[in-house]
Participant: 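Before I ask anything, let me first share the structure, which is written out below as structure tokens.
Basis for what follows: all heavy atoms, side chains included, without hydrogens, waters or symmetry-related copies. Here is how names work: the chains are called A, B, and so on, in the same order as the sequence lines, proteins then strands, and each is numbered from 1.
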Number of protein chains: 2
Amino acid sequence: MQLTQYTDYSLRVLVYLGMKNDGRATITELADYYQISRNHLVKVVHNLAQQQLILTQRGKNGGMSLARPANQIKVGDVVRLTEPNFHIAECFNNVSNKCVLTPNCRLKSILYQANVAFLTILDNYTIADSIVGLTVFKPDNSHAQG
Amino acid sequence: MQLTQYTDYSLRVLVYLGMKNDGRATITELADYYQISRNHLVKVVHNLAQQQLILTQRGKNGGMSLARPANQIKVGDVVRLTEPNFHIAECFNNVSNKCVLTPNCRLKSILYQANVAFLTILDNYTIADSIVGLTVFKPDNSHAQG
DNA sequence: AAATAGATGTATATAAAATACATGTTATTG
DNA sequence: CAATAACATGTATTTTATATACATCTATTT
């Protein structure tokens, strides 16, 4: 059981923006920081903007920023808006489902309850909660003795 | 977010065994009933036997049966024993993790709590609970008027 | 011994996800 | 108003995970 890297990257973008003093960043800056594919990030950022989780600005001095304060963005909502589906088992996909137990099987509602519980926990936290203890740039210890 | 079909099939095997009066079945019987790949089921069944969730018997009149009563097999345990991993995000995989936020990021513990909540719900149910209302063979309504 | 059924390992196919590439659009700045 | 910076968008390719197929072995029963 895992979330897609797409969702992972989406969360990291928001965390980075929350960490930065000015709250702004470009895709290139993020790709460099996380050492991940710039091209992939382009799509992640585009989706975050479509979902109104961030604001983007094209052109020179453009970039992105959080659409609202980090403490008002629930982790659960981010996951709901970025994860492609929550087809926990085949029976959750009405199109491809071929299980002969449907619709009498109780497993589906059990799995659904578990999925709800998963997202409910994430709803108890915001991007701000994820950031505690993090800073974009490491503290300046360059003058400290090795 | 989804479980693998492997886990889905594992659950279906246990549900089928729980449904049957004699509690016994062969791989071929299951593959026919669910209309799924016999070859794939072979691996599912083998794993279920290794995890001591079912007992298998080779040879003529062989087959499988539940290792213990259906009401003593938690859905959560089945999922834990069949799902290949619970790497909710990249940072859960110590081998491949390259996220620069590790280990200061709080997201990992938030996602872990959600994963625990997911499994905890499944621990509240057994294979017997999943079966309620199910029978292997449809009730005989052949004499009823259309 | 023959037939049945699971055990096991390897190989292939499929599907999903991630990544790369090409080009377009918008905004700023000098 | 031209040059540049940065996001937008669609398509193609690569990679990985998962599912499926195949071949052969071992065990059990009759």
Participant: Would you mind reading off the distance between A:D8 atom CG and C:dA17 atom C1', rounded to a whole angstrom?
Facilitator: 13 Å
Participant: Report yes if the side chains of A:P84 and A:T4 come closer than 4.5 Å at any heavy-atom pair, otherwise no.
Facilitator: yes
Participant: Using OP1 and OP2 only, check whether a side-chain N or O of A:Y9 sits under 4.0 Å from C:dA17.
Facilitator: no
Participant: Without decimals, in angstroms, what is the distance between A:H87 NE2 and D:dT18 C1'?
Facilitator: 17 Å
Participant: Starting at CD of B:E83, measure out to CD of A:Q2 and round the result to the nearest 0.5 Å.
Facilitator: 8.0 Å
Participant: Would you check if there is a donor-acceptor pair between the side chains of A:N47 and A:S10 at a distance under 3.5 Å?
Facilitator: no
Participant: Might you work through the side chain to side chain contact (heavy atoms under 4.5 Å, CB included) test for A:M64 and A:I27, ending with a clear yes or no?
Facilitator: CA-CA 8 Å; A:M64 74 198 81; A:I27 293 180; 3.7 Å; yes
Participant: How are the rings of B:Y6 and B:H40 set to each other: parallel, tilted or perpendicular (split at 30° and 60°)?
Facilitator: tilted
Participant: Please state whether the phosphate of C:dA16, meaning OP1 or OP2, lies under 4.0 angstrom from any side-chain nitrogen or oxygen of A:T4.
Facilitator: no
Participant: Starting from P on D:dT13, measure out to NE2 on A:H40 and report it in whole angstrom.
Facilitator: 18 Å
Participant: B:L41 CG to C:dA7 C1': how many Å, rounded?
Facilitator: 15 Å
Participant: Quick one: closest heavy-atom pair of A:R24 and A:N61, and the distance?
Facilitator: NH2-O, 3.9 Å
Participant: Contacts to DNA chain C from residues 91-99 of chain B, heavy-atom cutoff under 4.0 Å, which residues?
Facilitator: none
Participant: Quick check on C:dT19: is either OP1 or OP2 less than 4.0 Å from any side-chain nitrogen or oxygen of A:Q5?
Facilitator: yes
Participant: The side chain of A:N39 lies closest to which of these nucleotides: C:dA20, D:dA21, D:dT18?
Facilitator: C:dA20
Participant: Check the distance between D:dT29's P and B:R24's CZ and give it to me in whole angstrom.
Facilitator: 10 Å
Participant: Could you go through A:Y16 and A:K20, starting from their C-alpha distance and side-chain angles, then the distance that decides it, and tell me whether this counts as side chain to side chain contact (heavy atoms under 4.5 Å, CB included)?
Facilitator: CA-CA 6 Å; A:Y16 185 89; A:K20 277 199 73 174; 3.3 Å; yes
Participant: Testing the 3.5 Å rule here: is there a donor-acceptor pair between the side chains of A:E29 and A:Y33?
Facilitator: no
Participant: For nucleotides 5-12 of chain D, just jot down a letter per nucleotide in 5' to 3' order: B, S or -, based on protein non-hydrogen atoms under 4.0 Å.
Facilitator: BBBSBBB-
Participant: In whole angstrom, what separates B:R12's CZ from D:dA19's P?
Facilitator: 11 Å
Participant: In whole angstrom, give the distance that lies between atom CD of B:E83 and atom C1' of D:dT18.
Facilitator: 11 Å
Participant: What is the separation between atom CD on B:Q2 and atom P on C:dA16, rounded to the nearest whole Å?
Facilitator: 8 Å
Participant: Okay, side chain of B:N104, backbone of B:L101: is any donor-acceptor separation there less than 3.5 Å?
Facilitator: no
